[in-house]
Amino acid sequence: MRILRTVTTLWMLGAVAAVSIWPIPESVEEGDGVVWMQRDVILELNLPKNSGSNEPDYVNPSVSGSKIEAAWKRNKVFLFKQNIVPWKFHPKGTDFEPKFSPSGAIKKVVVTQRKTDRSRVPVEELNEEYTLSMPDASGKFFDSNDNKQEPGTIYIDAETSNGALHGLTTLSQLFYRAEKPEAFENIYSPSTPVLIKDKPKFKHRGLNLDVARQWYPLKDIKRLIDTLSWNKFNRLHFHATDSQSWPLEIPSLPDLANKGKYGPHMSYTPEDLQNLLTYASKRGIEIIVEIDMPGHTASIADAYPDLITGRNMQPDWDTYAAQPPSGSLKLNNPSVETFVTQLFSDLLPRLHHHSRYFHHGGDEVNRNVYLLDPGVNSNSTDTIRPHLQRFMTHLQSQLTTHSAIPITWEEILLDWNLTLARNTIIQTWQSDSAVSAATSKGHRVIAGNYNYWYLDCGHGQWLDFRPGESYDKYYPFADYCSPRKSWKLMYAYDPLQGLETEEQKRLVLGGEAHVWSEQIDGASLDAVVWPRAGAAGEVLWSGRKDAEGRNRTLEAASERLGVWRERLLERGVGAAPVMQLWCYMNKGGCQL
Ligand SMILES: *[C@@H]1O[C@H](CO)[C@@H](O)[C@H](O)[C@H]1NC(C)=O
Ligand SMILES: *[C@@H]1O[C@H](CO)[C@@H](O)[C@H](O)[C@H]1NC(C)=O
Ligand SMILES: *[C@@H]1O[C@H](CO)[C@@H](O)[C@H](O)[C@H]1NC(C)=O
């Protein structure tokens, strides 16, 4: 009789499962039989009948069909060309490769999408679940249903095309490349049959990319989108503008980017933006654009100096902003409101078909900068607040006009106590108590505590020092959020930690890891983000706790993350090593 193992049991014993999937699925049953896959394996696609709904073209079944077909083509490359020979995970000189045998080989993958995709799905209603069933070489499945399954066939079932894509992503991790001459260019799975039932713990699984402090070419953003999708993220938060530069072209306000971008070609045209939105959505990722306001806006002054107060106050910029250059949108100022109206009328209709969400920023609003604003003339919270409230009410009313659901940083709700639209989603970053406070006010939350999920921390102080005593004062030059957040620390974070009621937990939609770009750009992106963001990805997809309610352990994750990193390298992502190679070759030999 075949030995049936479940991954959870193996982990408890400290052994390493043959199935090595990142992020770990909700449930895995695996046998110990080897099955090979034929190079001429084909895809068979079952799509839902067109429901005849009024959904636009880009979600109809022929489109979701071509989306799944394209994903299959990409995954075939990962399976047959960019796959790993797992020699790094066996002791030196071991002969670990199974004997090649074509009998019972996989020759077909059947993907079934059960329902027609919908556009602009509210985050709560996303369905990304899938099941994957693969037989062993004798044609035995774990979920035999009246012999309707054919031997040599893998079945992936999902309700949506995004669920089907997740199934294919998992499939690409079930096989290894062979090295022996007789099996060369063939791939095998060592633990069949396999039955995987999987769905995400959190609906909003994102990464925030700051493309304003440094410029990112499209190719780097696309590689990030690819890698996010393989880690089963579903959101790219595009922090599109900041005080340092305004790279987002707004055709009706052309000077914003013309004067606000860093240099020629360092902006995103409307076509670039559409290109990214489409590229991402074909990979199951929704891009949510942020225009950070009213702080973090000094770059607007490059085009419209009259809209900004406290522009680049030197040398004491730090009185007026968290970072140079200082500068905030004026309050109590009709021209600023007109600007916001025009900006949104241009941008939001272009985002509309892709996402119902829009992020309007709101972090780190400096009080002193309003001493310089003729409409405010004060740094007192009580004086500023009604003006900020008026600005925010106008801004959110414009979002309503464009049917966009607002996302804003925690300070607007928790520091300024502003009244916000009920459906406003609060993005927290400073503490777990912020998650607790925002949910207890009834708001939905995207978590991502900077003590765990800021990928930019620990690179050291990037600001230069004023001559004189500063050297000693700042030695040894740590940055504000040192140390670096290791994958282990990222893995130890639970977006739900510290929450008391079930209602509060229900309001946490998920979380985001963050890439603030003071010291990161396209050249260093891969090694900074990967595989660490994968740790956040697994918390978001699989949950911090396992099915029995226990914390997932670092020991169980360590080798799987190491295998995953090797796969990312094969796929052209310059992910950093997880640990020294000897430790993977000698399991259990590197424990502290
Ligand atoms: C507010 O402004 C005054 C100067 O008008 C300054 O002395 C005070 O330190 C400022 N308050 C804060 C909290 O920065
Ligand atoms: C906002 O409200 C909280 C409690 O509701 C209070 O502790 C805090 O001081 C208020 N903040 C301001 C700026 O008024
Ligand atoms: C589980 O992890 C959380 C953090 O996510 C931590 O606070 C808690 O102490 C851990 N529980 C156990 C039993 O290790």
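Start at 1 and go down the list; that is how both ligands and their atoms are numbered. The structure displayed is predicted, hence computed values, not measured ones.
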* To do: Examine the side chains of Tyr130 and Asp198 and answer whether a donor and an acceptor come within less than 3.5 Å of each other.
  => yes

* Is there at least one pair of N or O atoms, one from Tyr493 and one from ligand 3, spaced under 3.5 Å apart? -> no

* **Reported CG-to-CZ distance for the pair Leu329 and Phe391, which is rounded to 0.5 angstrom** => 5.0 Å

* **Nearest candidate to atom 4 (C) of ligand 3, where distance is taken over non-hydrogen atoms, out of Gly549, Ala492, Gly498** => Ala492

* Structure fact -> Numbered in order shown, the ligand 3 atoms found under 4.0 Å of a heavy atom of Asp494 are 5 (O)

* Show which atoms of ligand 1 fall inside a sub-4.0 Å distance from at least one heavy-atom site of Leu371. => 2 (O), 5 (O)

* Arg544 neighbourhood, listing ligand 3 atoms whose heavy-atom distance to it stays under 4.0 Å -> 2 (O), 5 (O)

* Does one side chain, of Ser482 or Asp479, offer a donor that lies under 3.5 Å from an acceptor on the other? -> yes

* Measure the distance from atom 1 (C) of ligand 3 to every protein heavy atom, then report the residue, atom name and distance (to 0.1 Å) of the closest one. => Asn551 ND2, 1.5 Å

* **Under 4.0 Å to a heavy atom of Asn379 - the qualifying atoms of ligand 1, by number** => 1 (C), 2 (O), 3 (C), 8 (C), 10 (C), 11 (N), 12 (C), 14 (O)

* Structure fact -> If we number the atoms of ligand 3 from 1 as shown, the ones under 4.0 Å from a heavy atom of Gln497 are 4 (C), 5 (O)

* Short check: is a protein heavy atom less than 4.0 Å from atom 13 (C) of ligand 1? -> no

* salt bridge (charged side-chain N to carboxylate O under 4.0 Å, His left out) with Glu124: which of Lys203, Arg506, Arg444? -> Arg444

* Asked: Does some non-hydrogen atom of the protein lie less than 4.0 angstrom from atom 9 (O) of ligand 1?
  -> no

* If we ignore angles and hydrogens, is there a donor and acceptor under 3.5 Å between the side chains of Tyr491 and Glu538? -> yes

